[in-house]
**Student:** 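Before I ask anything, here is the structure I am working with.
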Amino acid sequence: MTADATWNEAAVRERARAFLAANDPAAMDRLDFLRARFDAGLAWVHFPEGLGGLGAPRELQAVVESELRGTPDNRPGRIGIGLGMAAPTILAFGTDEQKRRFLRPLWTGEEVWCQLFSEPGAGSDLASLATRAVRDGDEWVVDGQKVWTSVAHTARWAIMVARTDPDVPKHRGLTYFVCDMRAPGVEVRPLRQITGEAEFNEVFLTGVRLPDSLRLGAIGDGWRVAQATLMNERVAIGAASGRRTMIDVVCETWRSRPELRTHDLHQRLLRLWVEAEVLRLTGARLREQLAAGRPGPEGSGMKLSFARLHQELSGLEVELLGEEGLAYDDWTFRRPETVDFVGREAGYRYLRAKGNSIEGGTSEILRNVIAERVLGLPSEPRADKDIPWKEVPR
Amino acid sequence: MTTLLYTEVEEELRAAVRDLLADACPHSAVLARIESAAPYDGDLWKALARDIGAAGLLVPEELGGAGASAREAAVVLEELGRAVAPVPFLTSAVVATRALLAARTAGPGEVVDDLLRRLASGEATAALAVSLAASPYRRVGAEVTYEPADGDAAVVSGRVAGVAGAEIADVLLVPARLPERDESALIAVETGERGVEITPVTSLDLTRPVAMVSLGSARGRIVARGVGADAGGSIVGEALRFGAGLLASEQLGLAEWCLAATVAYVKERRQFARPVGSFQAVKHRLADLWLEIGGARAAARNAAGALADGDPGTAVPGPVAVAVAVAVAQAHCADVAVHAAEECVQLHGGIGMTWEHPAHLYLKRAKADQIAFGAPGEHRAALAGLVDVPAPV
Ligand SMILES: Cc1cc2nc3c(=O)[nH]c(=O)nc-3n(C[C@H](O)[C@H](O)[C@H](O)COP(=O)(O)OP(=O)(O)OC[C@H]3O[C@@H](n4cnc5c(N)ncnc54)[C@H](O)[C@@H]3O)c2cc1C
């Protein structure tokens with residue numbers, strides 16, 4: 001019998017109720033409750049037993065969430081990179097020891113994760129990155145610079161890709177690591193964004209020593225591991241688009257402020273309402289496909305559609321507000337722990353949404369991905385494909 | 001919740017329709033037919049009725065039909081759209097049949113049952129005598145009047161422009177009103193009756209041409225009474241909403257063909273010593289189109305599911321859900337089909353502008369479909385009320 005067959009909705013519901021009966025959140029410390037929940041396999045039911053899951057089908061997580069509604073959560077907004085990217089990568093490529101060490105505090109939120117991928121010279125062309133990791137006995141010595149690193153200032157750990165072999169073509173000389181953000185030589189400096197605050201940072205790595213036990217996957221296999229991370233990143237961003245928050249925000253203003261309405265905005269809002277609904281349905285259909293074990297390529301499109309919709313809606317909201325749209329809530333240079341999209345005002349939403357088509361792969365790159373991997377169109381000519389990384393002109 | 005995926009039964013039905021069309025409806029045949037005296041393909045329609053049971057798909061089994069739902073009809077429409085097949089499935093087996101089924105629910109009778117039996121067997125084809133541009137949001141039937149005669153009989157006079165499927169119809173279902181009374185009826189008129197004149201109009205869509213229907217004291221039989229007073233809730237309005245919702249699946253099929261044909265072409269066609277499909281300007285346009293079509297599939301499935309069982313997974317619960325699902329599907333899919341056909345022409349270059357290449361068949365069908373059963377703007381305007389996004393005061 002497969003693990004999937006053992007778990008059905010009723011069994012998971014039963015398990016969640018039994019857990020709640022034995023662990024009263026009102027009488028427990030928040031973290032103790034979360035740790036107990038992890039240990040009961042109710043953190044992410046599709047993960048294996050012993051690692052916060054039950055080996056159950058992913059869609060049964062909804063049953064857990066509904067049973068445990070109102071209990072303390074792990075503040076997913078703070079630990080999105082850990083949940084959405086680091087965890088599935090560690091699960092897929094980590095050693096047993098790494099899984100045991102990292103997954104529990106990652107899920108409970110005790111340890112925040114960040115992503116040290118992008119560099120000043122390597123964004124869309126991530127595989128061209130230049131941060132070096134050089135083997136020294138049982139350790140690696142890392143030197144380089146990362147940039148646009150969200151929440152590096154609160155992070156305990158990072159997922160990181162570095163170059164371990166400059167003598168082979170760019171994709172082949174990379175290795176994937178977990179970087180200890182408290183190691184000597186790691187320096188995090190805030191980078192102020194167009195919103196006024198600094199969600200992201202630049203991270204300088206100078207002679208940072210990491211034990212080989214922090215390597216994730218084989219030496220030279222970093223690109224493949226990174227692909228898994230990026231895929232999960234897009235799925236995570238895309239999955240969020242099933243929610244209708246932004247359209248609801250704009251419609252609420254529209255309904256409560258009739259004096260702001262114009263015919264032009266009305267037409268545009270109705271169009272966007274349809275787009276939001278179509279995207280919601282696309283997401284619902286995608287989840288059905290996943291649940292049926294038939295994942296479709298539509299997933300790669302969700303993030304792209306979501307970015308466009310978010311940007312158009314947030315732009316329309318500022319316009320709708322008219323004179324009030326001329327104001328901005330707060331330009332203070334802060335280093336937030338989360339992206340508070342709905343808690344802030346229209347101007348912030350408009351500016352922050354601009355990042356949606358850049359972070360996690362730009363919309364242009366995603367169109368390339370769809371055209372090449374889904375539609376099978378020929379790839380761009382690539383000048384650097386077969387030459388050693390160190391010989392690529394830069 | 002209904003599923004947005006295709007069931008196995010639906011996939012089997014699709015395969016059967018696709019096989020038949022591959023044999024009997026190649027583009028060469030469609031191109032040869034479009035300027036002939038018989039733009040609708042009667043033989044193909046008979047084969048679809050006989051081999052697939054397409055004509056009676058929605059008709060209950062006790063009347064000789066398949067008793068299937070809007071979901072199966074939607075799958076057939078996807079395939080017919082993919083082939084731009086010139087058959088009256090949408091006009092007869094979907095819209096006219098739905099009007100009769102609604103009439104049967106409102107007041108059962110032998111006249112309705114007889115008609116449904118004839119349609120199901122494929123022996124007769126029907127058309128609802130309203131403009132293809134009529135929408136579920138506007139009152140129809142004001143142009144035609146009737147006078148009651150003995151029993152169920154009535155005498156009908158008037159003109160209706162833009163009727164699709166009329167040329168191949170044996171029976172017209174005519175919404176008509178009693179002069180100077182707030183009463184109306186749906187009247188079945190055999191096209192062979194004296195006083196019935198069907199004049200083909202040179203049509204934009206060569207594969208679903210429209211005609212002018214003139215009725216000069218033509219005799220018919222009353223199928224239902226009281227229709228038209230409130231077009232939205234009426235039998236005709238319901239049939240039009242049903243047609244609008246399922247048209248989305250035809251639009252999906254059209255768009256899918258256009259994308260597939262274009263992708264195949266740009267992979268083959270070389271300029272500047274490269275396939276033109278390797279240029280990013282081309283790739284990105286096709287990626288965007290693919291995204292739109294993914295949305296169209298979800299929206300069309302949702303509308304078909306809503307029409308099949310009135311329980312769609314829309315964001316707005318309650319009785320408006322079906323109306324929302326239909327309006328969303330039409331507002332999105334109509335434009336996607338047009339966009340797909342336009343890209344198909346453009347990315348084929350000169351060959352896309354030729355009469356010989358099938359791209360124009362899709363462009364013309366998609367453009368006419370955009371107007372059919374309410375243009376996208378009309379569906380969006382309806383949504384304003386349905387989902388509470390009110391217009392400026
Ligand atoms: C808010 C935010 C948070 C981020 N957080 C993180 C993080 O936590 N960790 C991390 O590692 N990175 C993070 N990033 C970085 C992000 O992944 C990169 O910015 C992104 O991959 C683009 O790289 P780039 O900035 O170097 O732009 P470039 O790659 O230089 O691109 C510049 C422009 O050229 C276009 N372009 C590039 N290549 C092509 C091509 N082949 N075809 C067509 N167009 C092309 C791009 O689409 C873009 O419009 C974040 C970015 C933002 C905005």
Side-chain angles (χ1 to χ4, degrees), chain A residues 244 247-248 250-251 254-255 258-289 291-292 294 296-302 304-305 308 363-364 366-381, chain B residues 1 3-5 259-260 262-264 266-267 274-280 282-292 294-303 312-316 324-325 327-333 335-336 376-377 379-384 387-393:
Chain A
R244 309 183 75 244
I247 185 74
D248 293 338
V250 181
C251 283
W254 181 269
R255 284 170 197 141
E259 76 281 5
L260 298 175
R261 299 176 197 159
T262 70
H263 288 285
D264 167 61
L265 289 168
H266 190 229
Q267 295 304 314
R268 285 160 54 197
L269 180 54
L270 286 172
R271 269 178 198 279
L272 293 172
W273 196 94
V274 170
E275 263 182 54
E277 175 66 357
V278 169
L279 190 59
R280 188 187 69 81
L281 291 168
T282 308
R285 186 161 195 277
L286 192 68
R287 279 191 294 280
E288 268 198 80
Q289 281 176 298
R294 284 178 275 160
E298 281 85 355
S300 39
M302 288 298 286
L304 187 46
S305 303
R308 191 169 48 198
S363 290
E364 288 74 24
L366 291 179
R367 286 190 184 90
N368 285 352
V369 169
I370 291 169
E372 292 172 18
R373 306 222 188 116
V374 181
L375 300 177
L377 293 169
S379 55
E380 302 282 310
Chain B
M1 208 197 91
T3 175
L4 296 170
L5 306 181
L259 176 64
T262 308
V263 166
V266 300
K267 279 185 195 170
R274 289 162 61 172
V276 292
S278 70
F279 291 105
Q280 204 173 60
V282 172
K283 289 161 82 166
H284 282 192
R285 286 167 74 153
L286 291 171
D288 282 336
L289 188 55
W290 176 83
L291 275 177
E292 287 175 27
R297 193 173 299 114
R301 280 277 88 188
N302 186 54
T314 50
V316 188
V324 171
V328 166
Q330 245 339 284
H332 183 72
C333 298
D335 288 346
V336 171
H379 291 282
R380 284 193 292 269
L383 278 171
V387 302
D388 189 23
V389 181
V393 275

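Bear in mind the structure is a predicted one, so any value in this text is a computation, not a measurement. Proteins come first, then strands; the chains are lettered A, B, ... in the order of their sequence lines, and each starts at number 1.
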**Student:** To the nearest 0.5 Å, what is the distance between CD on E380(A) and CZ on R274(B)?
**Tutor:**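 One finds 6.0 Å between CD of E380(A) and CZ of R274(B).
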**Student:** Measure the spacing between OG1 of T3(B) and CG of L5(B) and express it to the nearest 0.5 Å.
**Tutor:**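 Separation between the atoms: 3.5 Å.
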**Student:** Looking only at heavy atoms and a cut-off of under 4.5 Å, which of A299(B), S278(B), G377(B), A260(B) has the most pairs with chain A?
**Tutor:**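 Option with the top pair count is S278(B).
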**Student:** Quick check for you: among E292(B), R301(B), H332(B), which has the greatest number of heavy-atom pairs under 4.5 Å with chain A?
**Tutor:**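 Among the listed options, the one with the most contacts to chain A is H332(B).
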**Student:** So which of A384(B), G277(B), A331(B) has the biggest tally of heavy-atom pairs under 4.5 Å with chain A?
**Tutor:**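 Option with the top pair count is G277(B).
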**Student:** I'd like to verify something: which residue of A329(B), P390(B), A298(B), G295(B) has the highest number of heavy-atom pairs under 4.5 Å with chain A?
**Tutor:**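 Highest number of heavy-atom pairs under 4.5 Å: P390(B).
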**Student:** Would you say V250(A) and L272(A) make side-chain contact, with heavy atoms under 4.5 Å?
**Tutor:**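 The answer is no, as the side chains (C-beta and beyond) never meet within the 4.5 Å cut-off.
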**Student:** Checking side chain to side chain contact (heavy atoms under 4.5 Å, CB included) for the pair T282(A)/R297(B): CA distance, chi angles, key distance, verdict?
**Tutor:** CA-CA 8 Å; T282(A) 308; R297(B) 193 173 299 114; over 6 Å; no
**Student:** May I have the step-by-step check of side chain to side chain contact (heavy atoms under 4.5 Å, CB included) for L281(A) and E277(A), ending in yes or no?
**Tutor:** CA-CA 6 Å; L281(A) 291 168; E277(A) 175 66 357; 4.1 Å; yes
**Student:** V274(A), L265(A), N368(A): which one forms the most heavy-atom pairs within less than 4.5 Å of chain B?
**Tutor:**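 Of the candidates given, the most pairs with chain B belong to N368(A).
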**Student:** Heavy-atom distances under 4.5 Å only: say whether L269(A) touches chain B with side chain, backbone, both or neither.
**Tutor:**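 Side chain only.
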**Student:** Tell me, with the steps shown, if L289(B) and R285(B) meet side chain to side chain contact (heavy atoms under 4.5 Å, CB included).
**Tutor:** CA-CA 6 Å; L289(B) 188 55; R285(B) 286 167 74 153; over 6 Å; no
**Student:** Check each atom of L291(B) against the heavy atoms of chain A and say whether the ones under 4.5 Å are side chain, backbone, both or neither.
**Tutor:**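 Just the side chain, heavy atoms under 4.5 Å.
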**Student:** With a 4.5 Å cut-off on side-chain heavy atoms, are R380(B) and W273(A) touching?
**Tutor:**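 Counting from C-beta outward, W273(A) and R380(B) never come under 4.5 Å.
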**Student:** If you measure from CG on D288(B) to CZ on R367(A), what distance do you get to the nearest 0.5 Å?
**Tutor:**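 Going from CG on D288(B) over to CZ on R367(A), the span is 4.0 Å.
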**Student:** Can you tell which part of P275(B) gets under 4.5 Å to a heavy atom of chain A, answering side chain, backbone, both or neither?
**Tutor:**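 Contact with chain A involves the side chain of P275(B) alone.
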**Student:** Among R308(A), R285(A), R271(A), which residue has the highest count of heavy-atom pairs closer than 4.5 Å to chain B?
**Tutor:**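 Max contact count across the listed options: R285(A).
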**Student:** Please rank Q267(A), E259(A), E364(A) by heavy-atom pairs under 4.5 Å with chain B and give me the top one.
**Tutor:**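 Sorted descending by pairs with chain B, the first entry is E364(A).
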**Student:** Between D388(B), L286(B), V393(B), who has the most heavy-atom pairs with chain A when the cutoff is under 4.5 Å?
**Tutor:**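 It is D388(B).
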